[in-house]
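To start, the structure itself, in structure tokens.
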Amino acid sequence: MSEVLERINRSFDEPEDEHDEVREYTLFIGPNHPGIEGNFALKLSLEGDTIVRAKTDGGYLHRGFEKLMEERLFMQNIAIVCRICVPDPDPNEENYARAVEAIAGIEVPERAKWIRVLVLELSRIASHLFTFGGHAGTIGLYTMPNWSIADRDRILDLFEELTGGRVYHIYNMPGGVRRDFPDGFERRVHEVMDYIESRLPDYDDLFFNNAILRKRAEGIGVLTSDQAIRWGATGPNLRAVGIPADLRRDDTYEVYDKLEFDIPTLTGGDALDRLLVRRKEIEESIRIVRQVVDNIPSGKVWNKQPNPLKWRVPAGDAYVRTESSKGEYAYYMVSDGGQRPYRVHVRGASTTHGVHILENLLVGTRIEDASQVMFSLDACPPEVDR
Amino acid sequence: MKKWSILRPFDSLKFIGQKPVTIRVPFESKPTAERYRGFHINDLEKCIGCGTCAEICDNDAIRMVPMAGVEKETGKSDKRPAIDYGRCCWCGLCVDICTTNSLGMTQEYIHIDPDVNTFYILPDMEGIHKTEYPQGYTADEEVNFLDLERVPMKELQAEERKDSFIEIVKGFSKEEAQKEASRCVACGLCTDTCPAHMNIPEYIDAVWRDDIEEAGRQIYKNNPLPDVCGRICTHNCETACSIGNRGEPISIRWLKRYAMDAIPVGDYRSLVDQKVVKPLGKNIAVVGGGSSGLSAGYYLALMGYGVTIYEAYPEAGGMMRYGIPEYRLPYDVLDKDIRFIEELGVTIKTGTRVGEDVSLDRLHEENDAVLIATGFHEGRSTRTPGTDHENVYQAVDLLAKITMGEEIRVDEKIVVIGGGNVAMDIARSLGRKQMQKYGKLDVTVTSLESRDIMPADEEEILESQEEGLAFYPGRGPSEVRTADGKVTGLKTVKCTRVFDENGRFSPQFDESDVMVLEGSMVIEAIGQAPDMAYLGEFSEQLEYDGRRLKVDEYFQTSLEWLFVSGDIIKGPDVINGIATGHQAAFGIDRYLQKAAQDELETIDQVMELVVDFEERSTSYVEKALSSGSCGTDTGCRRMLARFLERKKGFAGRIRDALSERNLRIHLRQELGREQHRYFDFALLDNLPEAAELPDKAAELPESAEGTRQKGISEHLSAGYRLYNDLLRLTANKELEFLFESLRDEYHEQLRIMQDLLGI
Ligand SMILES: Cc1cc2nc3c(=O)[nH]c(=O)nc-3n(C[C@H](O)[C@H](O)[C@H](O)COP(=O)(O)OP(=O)(O)OC[C@H]3O[C@@H](n4cnc5c(N)ncnc54)[C@H](O)[C@@H]3O)c2cc1C
Ligand code: SF4
Ligand code: SF4
């Protein structure tokens, strides 16, 4: 017995710095965890509960889209690009179509442009609803995901009606869109918009004005405007530091210049403000969607393109960008004049948010907030991996 | 927003007792959207098995599979699409491109089964579970992936053309041709229908890629008269074109014409795919220099035979020159094709009528085989009273005279009997002559067939009408009227039916409905018959099938040295002439090769054959590889490359197996020390003379003979494995023809070797 005691006592006597090696320890979180929309891993170094270093570890969703596109005909690719981001697939379709159109000099019918805006905004709402659910999950509020994801289904119902698919729409394509509105679609869009709008106060009660969220999210993962610009933040993450940057305004496309909407900003730059900016954006998107269905001109929805099996896109390149729910989403496409893209580079908005910014923001954060910081950046791993 | 607090979430308690938004199925069913992209359905009656759906599928989810009870027919394949839901992503691109609108999707989207095979289906109209689910995503006319409209062809207007023999059709420009070519979905149904099985999708693709040389190469593979066919082919292919189901078929014929017009004749030589293999020292006589004789001559020359074509007319071309008018097929275009055939070494003796200037018997004696391709040149008469009058003519006679520039009678009013293309040709030619002579045109065309069943091409009839010809269809000639010894007109009566219930020719008339068509010249254009008097005494030795000569699939008659092709056996059109000529050439080669093989006596001769065969097939395969016959099918390319690799050593291995040294080693190894001592190697010293091998083998001690045979048969079985590879390769459409010949050869050679060695 005394031998044991002696050993313990001896251990107290040892000089402190001999413990240095174990002060910092490493923890893996992911690739399956509630911090992000899809599989992604983090390697955290912690001291006590505080993160001192974070290293992202992606690749779990790498399906080689950029390479796959080089192997497929221009028209075939419309079926795969949407898969690059599950919650917000439409900016991919939009970018792909617009890149091809830019290189090949294809005109798009006016009506199709309005429909594209409608689709993009519905997708934005759906994606934000998804994010609210996810974010709430990271702090243990599990009613919100049940609500918001169920409500997102209403939008998927609209997509199903319009495009034939709920999640992957494969609808936007070079030259326009694949189908016109089904009968009575405008009315049902209004109904769903009214419904979503009516739900926002409920969300406020349950979630946005819930003290748990406020206390947990405020001051967490703060991004200064300086950092935001330096590290390449875009979209809601940038607008949450007070910078009203939005491609729909700054580099407008389709018919956004004909529509009225505001660009909400907040200044806190923390997890809470990023979330609240998205909450406000839903209202703006609803405004846009209503304007579209009320003012859309009639006409055809697609300009005939050549037989897709024998279609060469002239040599050239194009960089096109879309304001996705996550931020600046861009495609750089090169055609060598062949039947397949020579190269398509996907600039996922989440690449900067989900890797660089996240690695920086996590430093100094407590372990229990790591997931929340991740989700507040709304990064979509397949956009990083593509 | 209201101020936040810990109590705020409790406001949500108001939802207690309300219907949860998250629960739907199975408590509340939501109707699926009308255009839902669920499991596929396919109207199998409508579907033509074109495989376009499989082509567009970005996931390779569609396989075209043979379907029981479905047979190949014009414009339809015997396959139907089967869908693998392990791969399908429900994009519906297949639906948007379907050439018949047969493919659609349903609103059904749930399938659960532990058996993975149930996820692979051949959809019909009942859907995956045979539940007749409502139709979902369907094709939309507005968003139609296919290009359904033809690029219009520029032509001379009726006023510009009706007084001259200048070619009517002007041909595509490069841009027009590329645009037209881009409409093609490369289903290949046209190839199946073309009598010559031309590589149509391949040359269309080459036109589209602006690789004119490749287009020419593909065209020449199965057609040595492409300039001609690019103008006047009966284009069965266009009837089969899958685009024709929803729109206008691709202008295949004009694309061929475009490609050939774009290649200078001097470049044809570089296009010919197969090189002329070494001269075989054998000669073939071809009687008749029409499409079929020329085609056979071309392919025989390529195979290394010496070919002489005997042609009665002053120039070669047959009906292509002496029948088809110049405004449809200019002579210089025909000459372009013929000149190239001559360049390959085919001799054409024009102005030589077999049966008169030279006898068939002599041709038989002087040559290893004879092909007759003399066509139909005797105009058939209606036998109407009065047709023996000198001013009643046969269309083909007049057309030939026009070609030869002979003076012909052209009256101011002419009546033509016949509703087919020959009638149109003579009527329009005479109309032109009238315009030149009188400045006006008066030609009346009458036929038994009513307008809707007139056998002439619709465009021919329409163009004739544009030029001002008068038509009286549905009338039968009953008498050529004369006065003072001169023809005054043709009396006709109404024809009430042409065919009986069984579709047999059996016209009936209403004698009370009479009409006299005025004219001082009557032309009969109701058909032609062969004149085969030159057969002489052979005609009795030959066997017949009805009126036609009896032939096997290689167009060999019952006299084994005599082959037949062209109109006299199948047709009648140019492309059938070409196809049968090609096939007959093949038959002649087969016949002569076999004769050569029968003469094989020594192993040297066997080896020569093997080496020759190896050289030939290697060059075939190399060509196939380099000319891209496999397209993007990497499996096919790999297979070919492997075949090539293994094949290269094949002759060597056989040679080795049969070499003295090898046999010695074999024997030494196999016999073992004891027996080896007794074995007399002197026996093998005279090798390699394979003819003696079996005898020598008989002298070998028991076990040595066994071993020797084993060694050889092992090598032969390697050959059989290659042969099996070939069999698998023939599944590839493009290579089918090529490998059929290779396979035959292999088979034959193996058999001979086995015979020779007594194994
Ligand atoms: C007016 C007319 C228009 C036609 N239009 C078309 C068309 O648009 N498209 C189409 O595809 N087909 C057309 N055809 C049919 C086509 O021309 C024939 O089917 C084709 O030419 C048949 O080829 P062949 O080689 O069998 O016979 P042919 O072309 O008739 O050639 C036979 C040759 O043998 C020669 N010959 C005959 N007897 C002897 C002998 N004893 N000794 C030596 N030589 C001999 C003849 O002089 C002739 O040159 C047309 C036919 C005619 C009559
Ligand atoms: S594209 Fe249509 S017609 Fe052609 S095979 Fe497919 S389902 Fe049949
Ligand atoms: S729906 Fe799309 S993935 Fe499925 S079989 Fe058709 S083309 Fe292929």
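Below, read A as the first sequence line, B as the second, and so on, with proteins coming before strands; counting in each chain starts at 1.
- If you take CD on Glu160(A) and CD on Glu34(B), they are separated by 11.0 Å, rounding to the nearest 0.5 Å.
- Taking chain B as the reference chain and counting heavy-atom pairs below 4.5 Å, the highest number among Thr143(A), Leu68(A), Leu141(A), Leu162(A) is found for Leu162(A).
- No donor-acceptor pair under 3.5 Å is formed between the side chain of Glu55(B) and the backbone N or O of Leu309(A).
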| task | Kindly indicate, with the supporting measurements, whether the criterion side-chain contact (heavy atoms from CB on, under 4.5 Å) is fulfilled by Arg214(A) and Ser5(B). | result | CA-CA 9 Å; Arg214(A) 296 275 169 168; Ser5(B) 95; over 6 Å; no

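- Note on Ile80(A), Ile149(A), Thr163(A), Leu73(A): by heavy-atom pairs under 4.5 Å with chain B, the leading option is Thr163(A).
- Considering NZ of Lys310(A) and CG of Asp147(B), their distance stands at 11.5 Å, rounded to 0.5 Å.
- Salt-bridge annotation for Asp205(A) and Arg8(B): present, with a side-chain N of the basic residue lying under 4.0 Å from a carboxylate O of the acidic one.
- In this structure a side-chain-to-backbone donor-acceptor pair under 3.5 Å is missing from Lys304(A) to Val143(B).
- With respect to the salt-bridge test (charged N to carboxylate O, under 4.0 angstrom), the residues Asp202(A) and Lys14(B) qualify.
- A donor-acceptor contact shorter than 3.5 Å links the side chain of Asn307(A) to the backbone of Cys184(B).
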| Can you list the steps and then say if Arg179(A) with Asp96(B) is a side-chain contact (heavy atoms from CB on, under 4.5 Å)? | CA-CA 11 Å; Arg179(A) 292 289 186 273; Asp96(B) 280 348; 2.7 Å; yes

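- Only the side chain of Met173(A) comes within less than 4.5 Å of a heavy atom in chain B; its backbone stays farther off.
- Under 3.5 Å, the side chains of Arg37(B) and Tyr168(A) contain no donor-acceptor pair of N or O atoms.
- A distance of 7.5 Å separates CG in Asp58(B) from CD1 in Ile170(A), rounded to the nearest 0.5 Å.
- The backbone N or O of Pro9(B) lies less than 3.5 Å from no partner atom in the side chain of Asn210(A), so there is not a single donor-acceptor pair.
- In terms of heavy-atom pairs under 4.5 angstrom with chain B, the leader among Arg83(A), Glu71(A), Gln305(A) is Arg83(A).
- Only the backbone of Val177(A) comes within contact range of chain B, judged by heavy atoms closer than 4.5 Å.
- Neither side chain, Arg166(A) nor Tyr36(B), offers a donor N or O lying under 3.5 Å from an acceptor on the other.
- Residue with the most contacts toward chain B among Arg178(A), Arg72(A), His169(A): Arg178(A) (heavy-atom pairs, distance under 4.5 Å).
- Between Trp147(A) and Phe15(B), the ring center distance clears the sub-6.0 Å criterion.
- With respect to chain B, the highest number of heavy-atom pairs below 4.5 Å among Asp180(A), Leu200(A), Ile78(A), Asn303(A) belongs to Asp180(A).
- A salt bridge does not link Asp210(B) to Arg312(A): none of the charged nitrogens lies less than 4.0 Å from a carboxylate oxygen.
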